Trainee: 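Questions regarding the structure given below will be posed in turn.
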Amino acid sequence: SRDVEQGEFVVAKRTDVFKSQEKMSFKDHALEETIQNCLDDIHRELYHNALKERDARVAKVDTWEDFSPNLNQGKLVLAPFCGETKCEETIKETTKQEAAEEETMGGLKMGAKGLCVPHEDKYSEACPDF
């Protein structure tokens with residue numbers, strides 16, 4: 001190809017469909033450094049976008065009135081939790097009942113379940129009143 005004859009290579013980064021998908025030409029002697037820089041940029045961009053997406057889907061709640069509506073919107077709910085198995089089962093059954101009429105992508109018919117408990121003290125206290 002013409003690029004090989006001219007000692008060049010072309011990079012086209014397509015990690016975001018809404019950005020221009022501009023192609024960039026570089027000289028062969030810069031291949032390793034250029035590709036490493038491109039991969040670092042792609043990693044940074046993907047990581048930043050993933051954090052932004054995650055943060056947009058986290059709801060911090062302190063009352064039960066806010067718990068189920070956020071859960072039914074497909075959000076990860078961050079709420080105070082005492083850590084007791086009995087309380088976890090109550091949360092699961094109550095959210096299952098409250099989601100019975102919800103049509104939510106991914107379906108929440110199983111009710112909420114505990115995932116990870118943050119280390120912050122404010123989330124290791126009494127659960128919201130049911």
Side-chain angles (χ1 to χ4, degrees):
S1 101
R2 195 178 87 214
D3 292 336
V4 173
E5 291 170 7
Q6 294 178 352
E8 295 180 341
F9 66 97
V10 176
V11 174
K13 187 176 91 166
R14 297 183 175 105
T15 55
D16 189 340
V17 295
F18 299 110
K19 290 183 180 177
S20 66
Q21 296 182 8
E22 162 183 332
K23 293 181 180 181
M24 299 170 284
S25 294
F26 299 94
K27 294 293 183 186
D28 284 347
H29 67 83
L31 177 72
E32 185 177 342
E33 181 181 348
T34 301
I35 297 301
Q36 185 61 54
N37 288 339
C38 286
L39 291 173
D40 290 345
D41 288 346
I42 290 168
H43 179 264
R44 242 185 323 278
E45 184 178 322
L46 291 174
Y47 183 74
H48 172 74
N49 289 343
L51 286 179
K52 195 164 94 174
E53 180 75 19
R54 182 210 56 196
D55 291 346
R57 294 175 184 258
V58 172
K60 297 178 182 178
V61 302
D62 292 315
T63 63
W64 186 256
E65 291 78 29
D66 296 329
F67 192 99
S68 283
N70 279 290
L71 185 67
N72 290 336
Q73 291 174 18
K75 293 184 178 179
L76 178 67
V77 179
L78 188 57
F81 178 58
C82 65
E84 296 294 323
T85 303
K86 180 179 178 251
C87 192
E88 185 174 12
E89 288 300 317
T90 302
I91 292 169
K92 182 176 182 177
E93 288 305 313
T94 304
T95 54
K96 184 176 180 179
Q97 292 169 5
E98 291 181 359
E101 301 299 318
E102 286 291 323
E103 290 292 327
T104 306
M105 185 172 70
L108 298 172
K109 307 297 183 198
M110 65 183 176
K113 65 178 185 175
L115 298 175
C116 298
V117 179
H119 294 291
E120 293 92 356
D121 288 339
K122 66 182 176 177
Y123 294 109
S124 300
E125 51 190 50
C127 293
D129 293 326
F130 304 91

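Numbers here are sequence positions counted from 1. Computation of the quantities below employed the complete heavy-atom set of this structure, encompassing side-chain atoms and omitting hydrogens, waters and symmetry-equivalent molecules. Bear in mind the structure is a predicted one, so any value in this text is a computation, not a measurement.
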Trainee: What residues form a salt bridge (Lys or Arg N to Asp or Glu O under 4.0 Å) with Asp28, not counting sequence neighbours?
Mentor: none
Trainee: Rounded to the nearest 0.5 Å, how far does NZ of Lys113 lie from NZ of Lys96?
Mentor: 13.5 Å
Trainee: Rounded to the nearest 0.5 Å, what separates atom CG in Leu78 from atom CG in Leu76?
Mentor: 7.0 Å
Trainee: Mind listing the closest non-hydrogen atom pair of Lys75 and Ala59 along with its distance?
Mentor: CD-CB, 4.0 Å
Trainee: As an exercise, state the distance from CG of Asp41 to CG of Leu46, rounded to the nearest 0.5 Å.
Mentor: 10.5 Å
Trainee: Apply side chain to side chain contact (heavy atoms under 4.5 Å, CB included) to residues Asn70 and Val61 and explain how you reach the verdict.
Mentor: CA-CA 9 Å; Asn70 279 290; Val61 302; 3.7 Å; yes
Trainee: CD1/Ile91 to CD/Glu84 distance, rounded to the nearest 0.5 angstrom?
Mentor: 11.0 Å
Trainee: Begin from the C-alpha positions of Phe67 and Glu98 and carry the test side chain to side chain contact (heavy atoms under 4.5 Å, CB included) through to its verdict.
Mentor: CA-CA 10 Å; Phe67 192 99; Glu98 291 181 359; over 6 Å; no
Trainee: Taking only residues two or more places apart in sequence or in another chain, which ones pass salt bridge (Lys or Arg N to Asp or Glu O under 4.0 Å) with Arg54?
Mentor: none
Trainee: What's the separation between atom CD1 in Ile35 and atom CZ in Phe9, rounded to the nearest 0.5 Å?
Mentor: 5.0 Å
Trainee: Give a yes or no answer on whether the side chain of Thr95 reaches the backbone of Ala112 with a donor-acceptor pair at less than 3.5 Å.
Mentor: yes
Trainee: Nearest 0.5 Å, please: how far is CD in Glu8 from CG in Leu31?
Mentor: 12.5 Å
Trainee: State which residues pass side chain to side chain donor-acceptor pair (under 3.5 Å) with Glu53; sequence neighbours excluded, sorted by chain then number.
Mentor: Arg57
Trainee: Could Lys52 and Asp55 be called an ion pair, given the rule that one side-chain N must be under 4.0 Å from one carboxylate O?
Mentor: no
Trainee: Looking at Gln6 and Lys27, what are the two nearest heavy atoms and their distance?
Mentor: O-NZ, 3.8 Å
Trainee: With no hydrogens and no angle check, do the side chains of Thr63 and Asp66 hold a donor and an acceptor under 3.5 Å apart?
Mentor: yes
